Amino acid sequence: MCPAEKFRAPKGMRDVLPPDIYIWQKLEKTAFEVLSRYGFREMRTPVVESTALFSRGIGEATDIVEKEMYTFEDKGGRSLTLRPEGTASAVRCYVENQLYNLPSPQKYYYWGPMFRYERPQAGRYRQFYQLGVEAFGSDSPALDAELLSMLRHFLLKSGLEGLNFQINSIGCRACRPDFIKALLEYLGAGLEGLCADCRRRYSANPLRILDCKASGCQELRKGAPRVTDHLCDGCHDHFDKFQHYLKLLDVPFSLNHEMVRGLDYYTRTTFEVTSENLGAQNAVTAGGRYDGLVREFGGPDTPAFGFAVGMERLVELLRQAPGQDVPRPGIFIAVIGERAHSEALLTAEVLRADGSWVEVGEHTASLKNQLRKADRLSAEYVFIIGDEELDAGSIKWKRLSDSASGSLPAAGVRSFLSGRR
RNA sequence: GUGAGCGUAGUUCAAUGGUUAGAGCACUGGAUUGUGGUUCCAGUUGUUGGGGGUUCGAGUCCCCUCGCUCACCCCA
């Protein structure tokens with residue numbers, strides 16, 4: 001006989017239970033409330049897409065595509081992939097459903113699990129949840145700023161403060177090559193001083209050298225050219241106005257000319273919101289413009305702006321915040337005897353119909369045990385029903401916080417809580 | 001993919017290589033009839049992650065393996 005196998009959730013994936021689940025629910029609710037006021041509506045797309053959608057959208061040479069995708073073949077021989085991010089799906093959906101025929105900008109949000117095969121660490125999971133926001137059809141810097149303001153209000157309303165908004169512009173197809181050329185020229189002189197990773201990046205992905213954390217690399221790039229000094233007129237103007245609108249809308253931000261993105265589709269505006277209270281994975285939101293992606297997926301030339309919020313990281317920050325209140329029963333009905341038990345079941349249904357959380361004890365347990373249980377559940381009030389009460393047509397009540405107690409007519413239960421809250 | 005740290009009761013943690021692996025918390029029951037929390041008493045729980053080796057003797061040392069955690073990489 002084999003011993004029973006103990007199953008665990010897959011590596012990097014986890015269960016969410018109370019009390020954490022209340023934080024998640026609050027975030028979902030807040031997101032819906034805030035985003036809908038800015039005209040965002042929900043879009044639901046499959047969790048799985050054809051592999052090519054991601055490899056082409058995110059970039060063949062990115063780490064996500066090269067080594068982090070959950071890719072499999074279905075029984076029809078199609079190569080499918082669990083989505084590692086949401087933007088590619090959103091753009092596919094926009095093009096496939098010809099949403100460009102609707103008035104611009106088209107604004108959508110989505111919410112759900114993403115999958116990346118990485119080594120888990122603090123704030124990083126293989127299945128993680130993102131709230132994604134995408135706006136299609138406007139190239140106005142006012143839109144960029146408006147969405148950052150929306151994000152800020154969402155974060156504030158969720159109870160998160162002290163987050164750092166950092167912005168940058170990485171130019172467009174026209175001006176970025178010039179910058180990269182200038183950067184390579186500058187770094188070429190001190191190539192020996194770069195870390196091994198950066199020497200590799202020098203030819204593979206030079207922009208990423210800008211946000212390397214190695215102290216030698218940080219030192220070496222002190223006099224390096226800045227992207228923002230190499231922007232073309234259009235990008236320069238966009239970036240200026242973006243900042244102007246951010247100030248107008250009172251969004252605090254700082255410039256980070258070393259911030260670049262790991263996905264290929266970004267153009268112009270990029271931004272990141274970080275917290276100092278997380279581990280190494282400190283970005284809670286990141287995104288920016290991707291003016292070329294819709295076209296690349298076969299749609300009309302359509303500018304777009306979007307960002308993704310890492311839900312686990314927000315949840316982690318909210319866990320650290322004081323005063324997370326969890327729901328608790330309004331009333332626990334303790335019963336003595338089988339007759340009282342039946343009566344309690346009926347009374348509970350009446351109270352529940354009015355919206356209260358009501359728990360009912362069992363007559364097989366002693367009154368003492370039922371009270372202990374009510375206490376453990378943090379019930380606000382205990383009702384006690386026994387033979388005495390049944391005969392008198394009354395119910396005894398007790399408030400657990402201060403032991404206040406009394407009696408009420410059984411017919412008047414519905415108004416009990418409303419008079420006391 | 002690379003590196004480091006850690007795996008002992010439900011949980012948090014003890015146990016100079018030496019008897020039968022312990023404690024707090026939690027849980028269950030009780031302290032005379034129908035009243036919770038505090039207190040007191042009693043009780044339950046272990047293949048020391050798994051496998052192999054060294055040794056008279058391994059929770060402790062060595063090797064392998066699995067898992068967790070953190071960091072790098074990368075990203076939300």
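Within every chain, numbering begins at 1; the chains are lettered A, B, ... in the order of the sequence lines, protein sequences first and strands thereafter. Here the structure is a predicted model, which means the values were calculated and not measured. All values below were derived from every heavy atom in this structure, side-chain atoms included, with hydrogens, water molecules and symmetry-related copies excluded.
At a threshold of 4.0 angstrom between heavy atoms, the contacts of Ser401(A) include nucleobase atoms, whether or not backbone atoms are also involved. Base contact: Glu389(A) has a heavy atom under 4.0 Å from a base atom. Within 4.0 Å (heavy atoms only), Tyr125(A) reaches at least one base atom of the nucleic acid. Counting any heavy atom pair closer than 4.0 Å across all strands shown, Ala374(A) reaches no nucleic acid atom. Among the protein residues, Ile384(A) comes within range of the nucleic acid bases, having at least one heavy atom under 4.0 Å from a base atom. Asp387(A) comes within 4.0 angstrom of a base, heavy atoms only. Heavy atoms of Arg376(A) sit under 4.0 angstrom from primed sugar atoms or phosphate atoms, though from no base atom. Counting any heavy atom pair closer than 4.0 Å across all strands shown, Gly287(A) reaches no nucleic acid atom.
Remark: C1' of U35(B) and CG of Leu400(A) are 10 Å apart, rounded to the nearest angstrom. Distance, Gln370(A) CD to U35(B) C1': 10 Å, rounded to whole Å. Straight-line distance from the CG atom of Leu151(A) to the P atom of A76(B): 14 Å, rounded to whole Å. Put simply, CG on Asp402(A) is 14 Å from C1' on U35(B), counting in whole angstrom units. The nearest whole Å value for the distance from the CZ atom in Arg372(A) to the P atom in U28(B) is 7 Å. Here the C1' atom of nucleotide C75(B) and the CD atom of Gln130(A) are 9 Å apart, to the nearest Å. Nucleotide C68(B) holds its C1' atom 18 Å from the CD atom of Glu118(A), rounded to whole Å. Here G37(B) presents its P atom at 14 Å from CG of Leu377(A), a figure rounded to the nearest Å.
Nucleotides of RNA chain B nearest to Ala122(A) and Ala286(A) differ in position, and the one nearer the 5' end is that of Ala122(A). Annotation: of the two residues near RNA chain B, Met311(A) and Tyr117(A), the 5′-most nearest-nucleotide partner is Tyr117(A).
For Lys11(A) and C68(B), the shortest distance from a side-chain N or O to OP1 or OP2 is below 4.0 Å. For Gln121(A), a side-chain nitrogen or oxygen approaches OP1 or OP2 of C72(B) to under 4.0 Å. Residue Gln281(A) places none of its side-chain N or O atoms closer than 4.0 Å to OP1 or OP2 of C75(B). In this structure, Arg116(A) does not reach the C73(B) phosphate: none of its side-chain N or O atoms is under 4.0 Å from OP1 or OP2.
By the 30° and 60° cut-offs, the orientation of the rings of Tyr381(A) relative to Trp397(A) is perpendicular. Note on ring orientation: taking the six-membered ring where Trp is involved, the planes of Tyr129(A) and Trp111(A) are tilted (angle from 30° to 60°).
Under the side chain to side chain donor-acceptor pair (under 3.5 Å) rule, Tyr110(A) has a single partner from Glu134(A), Arg44(A), Gln130(A), which is Glu134(A). When each of Pro120(A), Pro113(A), Pro10(A) is tested with Arg126(A) by the rule side-chain contact (heavy atoms from CB on, under 4.5 Å), just one qualifies, namely Pro120(A).
U33(B) sits 23 Å from U39(B) when the C1' atoms are compared, rounded to a whole Å. Comparing A15(B) with G59(B), their C1' atoms are spaced 8 Å from each other, to the whole Å. Rounded to whole Å, the P atom of G53(B) lies 28 Å from the corresponding atom of C68(B). Annotation: C75(B) and C62(B) have their C1' atoms spaced 39 Å apart (nearest Å). Comparing the C1' positions of U8(B) and U47(B) gives a spacing of 12 Å, expressed to the nearest Å. The same atom, C1', is picked in U16(B) and in G51(B); the two are 28 Å apart, to the nearest Å. Comparing U55(B) with U45(B), their C1' atoms sit 32 Å apart, to the nearest whole Å. Atom name C1', nucleotides G49(B) and U60(B): the rounded distance is 16 Å, in whole Å.
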Which dot-bracket string fits RNA chain B when only Watson-Crick or G-U wobble pairs with both atom distances under 3.5 Å count, crossing pairs get [ ], and | stands for a partner on a different strand?
(((((((..((((....[...)))).(((((.......))))).....(((((..]....))))))))))))....

Given salt bridge (charged side-chain N to carboxylate O under 4.0 Å, His left out), test Arg399(A) with Glu380(A) step by step and report yes or no.
CA-CA 6 Å; Arg399(A) 183 165 54 209; Glu380(A) 202 175 348; over 6 Å; no

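Surrounding CD of Glu28(A) are more than 12 heavy atoms belonging to other residues, nucleotides or ligands, all under 6.0 Å away. In this structure, Arg14(A) places its CZ atom where more than 12 heavy-atom neighbours from other residues, nucleotides or ligands lie under 6.0 Å away. Annotation for Tyr117(A): atom OH does not count as buried by contact number, only 12 or fewer foreign heavy atoms lying within 6.0 Å. By the neighbour-count criterion of 12 heavy atoms within 6.0 Å, atom CZ of Arg414(A) is sparsely surrounded, having that number or fewer from other residues, nucleotides or ligands.
At a cut-off of 3.5 angstrom, the base of C75(B) holds at least one donor-acceptor pair with the side chain of Arg313(A). Between the side chain of Arg119(A) and the base of C73(B) there is no donor-acceptor pair of N/O atoms closer than 3.5 Å. At a cut-off of 3.5 angstrom, the base of U35(B) holds at least one donor-acceptor pair with the side chain of Lys398(A).
Salt bridge annotation for Lys29(A)-Glu33(A): present, with a cationic side-chain nitrogen under 4.0 angstrom from a carboxylate oxygen.
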